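See structure below.
Positions are given from 1 along the sequence. Ligands are counted one by one from 1 in listed order, and the atoms in each one are counted from 1 as well. This structure is a prediction, so every number in the text was calculated from the model and none was measured.
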Amino acid sequence: MRKFLMAGSLLVLLAFRVVGQASSAGAPASALTVIRAGTLLDGTSDTVRKNQLIFVRGERIEKVAEGSAAIPAGTKVIDLSAATVLPGLIDAHTHIFLWGEDPAKGGYDANILKAGIALRAARATFACRRSLEQGFTTLRDVETEGAGYGDVGIKQAIAEGTIPGPRLFVATRGISSTGGYNLEGYAPELQVPKGVQIVDGPVEARKAAREQLDHGADWIKVYMTHRSWVDKQGHLASQPTLTVEELAAIVDEAHGWGKKVACHAYNGVGLQRALDGGCDSIEHGLEITDAQISQMAKQGTWYCPTLAPYYHDWAPENTPEGKRDRKRAEVHGASVQKAVKAGIKIAYGTDIGGIEWTEPMAQEFPYLIQFGLAPIEAIHAATSGAAELLGEKGELGVVAPGAYADIIAVSGDPVKNVQELGKVRFVMKGGSVFKNEIEK
Ligand SMILES: [Zn+2]
């Protein structure tokens, strides 16, 4: 009886798996769909191509041809001839498990103290749908803020077709040191949960990395700075967290698994330790010195600035928090300008989740352009650039033969008016159309 039950449940599992694969992969592998693109921005080239045909077979792009090319009889054609077609966008810094940090709604702490794990998973599901609706077909989600390995589960649910959502590259729990992360400010007698895994010493650091990688982390996220303030000389200061030795152990472990390490680092000692410890990407990087820019160039370190959130919700001007908020924005813009001039590799990131998921994910584009990127460069930061950061060059962030058919379209010209990227009207992921407001 027991054996029979096991065989039966295995069959059910297998059947479910087949259905799941069909709905996530979309059309059967043999079916051809052709997209007629009026204008094509392919994600890598600076030049725009007119009247192109994109041949999609199964979940990948088979070829890109001139508009006059022959289309086999009976092929499904999607007519985007009046639109601009681009690769699906990539946001390299998100938190699907964060539901904003608005003080009026309980701030960061309410995410952990007031919402149970099922509610948090439901919110993450909402976040994934929001992302896809806005044309962001891939996210690097940089830690769950106390929701454990929930991101691995959400990623599985998307991959099996249970819920709609972008391709997820997940960092699981995040790592910082004692005194280096929220929740904080509670009575010392209380054991409050933390939004990351806390480690002290290289042995614990390596063990945490091993645990997270073992449970499905695609990336490791570490916090190299925590609190920040304006010091007596009027400079931005930030509290360093992990030591170089602790970070180096994490980086060594992650690299051994073929994975990379993203370092949250505002400035100063913590940012220096991030570079000396061999991090792969600097997150936020509010204030980067010239010497640190040179070190990043030499080491090939990626920069994922997140300008928009630092221009939001400043505390009142004459309070310590208000001064800090204004200083952070001021130095961040200047650092991005320096990095652009030095040719540092920049990936698009919003930190959405820290800001509410109802906010537009395209809001980082105008800031990147304001601080020195050409519009086409800002688009590349969210397509082929971010794909390279993820180790997915040629697979994601490009409309070219062999790449996944993650394709979006907007009505206007996003190079002339970047606000167009906030009005994505067509979304295909892996050959499946998720949204089509252009053909009605
Ligand atoms: Zn973040």
Side-chain angles (χ1 to χ4, degrees), residues 90-102 107-112 120 123-124 127-128 130-131 136 138-148 150-151 154 166 168-176 180-184 194-197 212 217-228 238-239 241-242 260-267 270-271 274 279-288 302-313 325 328-329 332 335-336 346-357 359-361 363-364 367-368 381-382 386 389-390:
I90 301 171
D91 188 337
H93 191 123
T94 66
H95 300 279
I96 58 171
F97 276 90
L98 258 189
W99 202 241
E101 299 179 13
D102 182 355
Y108 176 88
D109 295 16
N111 281 278
I112 292 178
R120 297 194 71 184
R123 289 170 170 179
C128 287
R130 277 284 296 161
S131 171
F136 283 81
T138 299
L139 307 180
R140 184 181 58 156
D141 198 68
V142 282
E143 83 116 327
T144 61
E145 312 288 356
D151 51 358
I154 295 289
L168 292 183
F169 291 80
V170 299
T172 73
R173 299 181 62 190
I175 299 173
S176 190
Y181 211 70
N182 305 331
L183 304 175
E184 58 200 13
K194 296 287 180 184
V196 291
Q197 188 167 7
Q212 295 184 7
D218 300 306
W219 275 74
I220 298 293
K221 166 76 178 293
V222 303
Y223 288 84
M224 297 305 294
T225 63
H226 181 43
R227 296 167 174 87
S228 65
S238 61
Q239 166 214 348
T241 53
L242 296 175
K260 293 186 199 166
V261 179
C263 288
H264 167 115
Y266 273 2
N267 72 343
L271 197 149
C279 79
D280 297 294
S281 69
I282 293 285
E283 307 299 310
H284 315 298
L286 299 187
E287 185 173 36
I288 313 181
W302 282 84
Y303 183 20
C304 187
T306 54
L307 291 151
Y310 293 94
Y311 283 83
H312 268 251
D313 303 324
D325 292 349
R328 295 200 294 204
H332 198 357
S335 296
V336 171
I346 292 177
Y348 186 91
T350 58
D351 212 0
I352 192 153
I355 49 178
E356 293 184 22
W357 275 97
E359 293 262 335
M361 293 173 75
Q363 64 180 319
E364 186 71 8
Y367 286 105
L368 289 173
L389 166 73
L390 293 170

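Classification of Glu283 and Arg140 as a salt-bridged pair holds, one side-chain N sitting under 4.0 Å from a carboxylate O.
Aromatic rings of His332 and His284 (six-membered ring for Trp) have centroids beyond the 6.0 Å cut-off, not under it.
In this structure a side-chain-to-backbone donor-acceptor pair under 3.5 Å is missing from Ser238 to Arg227. Checked by atom type and distance alone, the side chain of Asp91 never pairs as donor or acceptor with a backbone atom of Leu139 at under 3.5 Å.
Contacts of Trp302 classified as ring-ring contact (aromatic ring centres under 6.0 Å, His included), with partners at least two apart in sequence or in another chain: none.
A donor-acceptor contact under 3.5 angstrom links the side chains of His95 and Asp351, judged on distance only.
Counting only protein N, O or S atoms closer than 2.8 Å to the Zn ion (ligand 1) gives 3.
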